[in-house]
Amino acid sequence: MKASVTAHRDYRIAKIDDRVYGAFLEHLGRAIYTGIYEPGHRSADASGMRTDVIELVRELKVPIVRYPGGNFVSAYNWEDGVGPRDKRPTRLDLAWHTSESNAVGVHEFAQWCGAAGAEMMLAINLGSRGLDEARNFVEYVNAPTGSYWGDLRKKNGHAAPFGVKHWCLGNEMDGPWQVGHKTAHEYGRLANEVAKTLRAFDGSLELIVCGSSNSDMKTYPEWERVVLEHTYESVDHISLHMYFANRTKNTAEYLALNAKLDAYINTIGSTIEVVRVAKRSRKKVTISFDEWNVWYHSNAQDREILGGAKGWPHAPRLLEDIYNFEDVLQVGCILNTFIRRSDVVKIACIAQLVNVIAPIMTEPMGAAWRQTIYYPYYFASVYGRGEALQLAVKSPGYDAEVADAVPYLDVSAVYDEEGGTLTFFAVNRHGGEAIDLEASLHGFGDARIVDHQVMTSANLEAANTLKNPIAVTPAKGKKAKVNDGLLTATLPPYSYQMVRLGLASR
Ligand code: AHR
């Protein structure tokens, strides 16, 4: 089948915010314990952090990491995780029915982020707790010494403020499963008062208020409208979450799901606009899509632990999805959507980063390896920085449950003017036919191919495991060409690719 793309140097959507390639780490399962932290592991540094994992995170150039939850945060006492380790209490985590040793807290996480080259994005408990604990936490983390909380932080080993800019005002407060779940009015009022108070401490903080847990919630999108009515002038971003699943083993339907993601972003972008205009505000609230990923492979395995059938285990194997090749295509399509919606999505966090629905897996006392989805995330994060282009795309398509005329070609393009590159990320959603792609390049001058990476597999279920960590990896593409401003490439059935062009300096 044939598909065409027109890229024009002057047709730009927006600068892609680097924070769109962020990630999430929760005190859940083995994300922290035996994930990033494992004293005694052969690669552990002096503070017990696994450097083999840090290296993989650095390779991904993760700009920002959200922490410590997730559902976990809604019954978390941040104070439990500071001070001498031997005095820290073991608590029961009500979100995941596990035991939390508190061996890792905000100091250890800060140190880990420093080593991983990422900024911290901290979540505040607005489930079981409220305004006072929120302000104490923010002051503990950011206040100068000479104040009560700043001095306590110094006593605990860190005199300099951590300088955390991004703060999430709770997590999924619309969800009945959340400890301290609230109505939109209850939450909106509380979030606004907390935001006001935090701003009184530091007006430059970036505050993220909770939107919907997913677009199937009964309260969506009225939740966002009401919450923004309360908080519009005091917050910067509204948080959205979405997880993707192929429960019915229908690849065509599965790979169409980013149309639903796009509609979700569109609806909340419009809701923001309605509230902005109603408030006669010049301020633009944007979207923090701070949980997204494929999540379903591990559901059956998790039921016993979530039901408490195994007591309160410490760091059990929870939410350990083993990703397959099909998920590479899905994650490629999701990231393309975030690039295309860079006008309104300014932060996004893959959920999560290590072991728990994650691109990086570890074995306790053993190896760390890249899951299949590591690769599309890697390519987008490392090479997808610049400005998103508004492409004109012509591609045959198919009707799916979530949308009509879903194009077989899912594509985004990123122009890095300073670096002199133009990069295409493309997925062929057709399982039986290759796509002969022609992309005409307008206004870019001479272009040459500097990199072409292709991911294909004869088996949609192929996965990287401890035994075979390199079953699914990218390969160099050889056949793409550029002649007289026309890029041609053949995209094999069910494939992901990145084509990177070097541009002659203008
Ligand atoms: O990422 C796993 C869980 O998904 C998070 O704890 C929660 O916020 C969401 O429901």
Side-chain angles (χ1 to χ4, degrees), residues 22-33 35-36 62 64-76 91-98 100 109 121-128 166-182 187 191 208-220 223 227 237-245 261 264 287-303 305-306 315-323 327 331 334 347-361 371 373 377:
F24 172 41
L25 269 176
E26 177 167 7
H27 280 251
L28 195 183
R30 299 193 307 113
I32 305 296
Y33 306 109
I36 65 165
V62 179
I64 190 164
V65 182
R66 180 171 176 255
Y67 171 91
N71 296 340
F72 170 80
V73 82
S74 293
Y76 177 57
R91 298 266 188 198
L92 301 184
D93 162 32
L94 305 179
W96 302 105
H97 218 279
T98 56
E100 171 55 53
F109 180 63
M121 172 169 167
L122 295 179
I124 286 168
N125 174 357
L126 289 187
S128 67
H166 298 84
W167 293 87
C168 303
L169 305 175
N171 176 69
E172 294 189 349
M173 300 309 303
D174 63 325
W177 59 85
Q178 202 70 214
V179 171
H181 161 62
K182 293 169 178 53
Y187 172 66
I208 299 130
V209 73
C210 294
S212 291
S213 302
N214 60 67
S215 60
D216 295 325
M217 298 297 293
K218 280 202 188 101
T219 47
Y220 163 82
W223 172 276
V227 167
H237 313 279
I238 183 151
S239 142
L240 300 181
H241 296 174
M242 181 170 174
Y243 290 97
F244 298 72
L261 170 66
Y264 188 13
I287 294 174
S288 171
F289 218 107
D290 44 43
E291 285 187 35
W292 68 267
N293 204 350
V294 174
W295 175 12
Y296 76 102
H297 298 285
S298 61
N299 290 171
Q301 182 186 309
D302 292 338
R303 267 178 215 120
I305 296 172
L306 294 174
R317 290 184 183 266
L318 265 177
L319 277 62
E320 297 204 2
D321 273 40
I322 303 303
Y323 293 115
D327 303 323
V331 167
I334 296 169
I347 303 175
C349 302
I350 188 170
Q352 299 191 10
L353 188 56
V354 183
N355 287 334
V356 172
I357 41 175
I360 299 171
M361 288 301 289
Q371 291 234 56
I373 62 164
Y377 177 40

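If you read the sequence from its start, that first residue is 1, and numbering goes on from there. Every number for a ligand or one of its atoms is a count from 1 in the order of the listing.
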Handout entry: Tyr67/His27 under side chain to side chain donor-acceptor pair (under 3.5 Å): CA gap, chis, key distance, verdict
Key = CA-CA 8 Å; Tyr67 171 91; His27 280 251; 2.6 Å; yes
Practice task
Taking only heavy atoms of Glu172 into account, list the atoms of ligand 1 that are under 4.0 Å away from them.
Solution key: 7 (C), 8 (O), 9 (C), 10 (O)
Exercise for the section: Classify the side-chain pair Glu320/Asn355 by whether it contains a donor and acceptor separated by less than 3.5 Å. Expected result: no
Problem - ligand 1-proximal atoms of Val356, by part, heavy-atom distance under 4.0 Å - result: neither
Exercise for the section: Could you establish whether Phe72 and ligand 1 come within less than 4.0 Å of each other, counting only heavy atoms on the residue side? Expected result: no
Problem - Check: Asp327/His297 side-chain N/O donor and acceptor closer than 3.5 Å - result: yes
Handout entry: Trp96 and ligand 1 - part of the residue with a heavy-atom distance under 4.0 Å
Key = side chain
Fill in the blank from the handout: Tyr243 heavy atoms within 4.0 Å reach ligand 1 at atoms 1 (O), 2 (C), 4 (O)
Problem - Any N/O pair Asn71/ligand 1 closer than 3.5 Å - result: yes
Problem - Check: His241 N/O within less than 3.5 Å of ligand 1 N/O - result: no
Practice task
Mark up the atoms of ligand 1 that fall under 4.0 Å of a heavy atom belonging to Phe24, in ascending order.
Solution key: 1 (O)
Problem - Modelled atom types, side-chain donor and acceptor of Asp174 and Ser213, under 3.5 Å - result: yes
Handout entry: Shortest protein heavy-atom distance from atom 6 (O) of ligand 1, along with the residue and atom involved
Key = Glu26 OE1, 2.6 Å
Handout entry: Flag side-chain contact, heavy atom, 4.5 Å: Asn71 against Trp96
Key = yes
Handout entry: Residue and atom name of the nearest protein heavy atom (relative to atom 8 (O) of ligand 1), distance in Å to one decimal
Key = Glu291 OE2, 2.7 Å
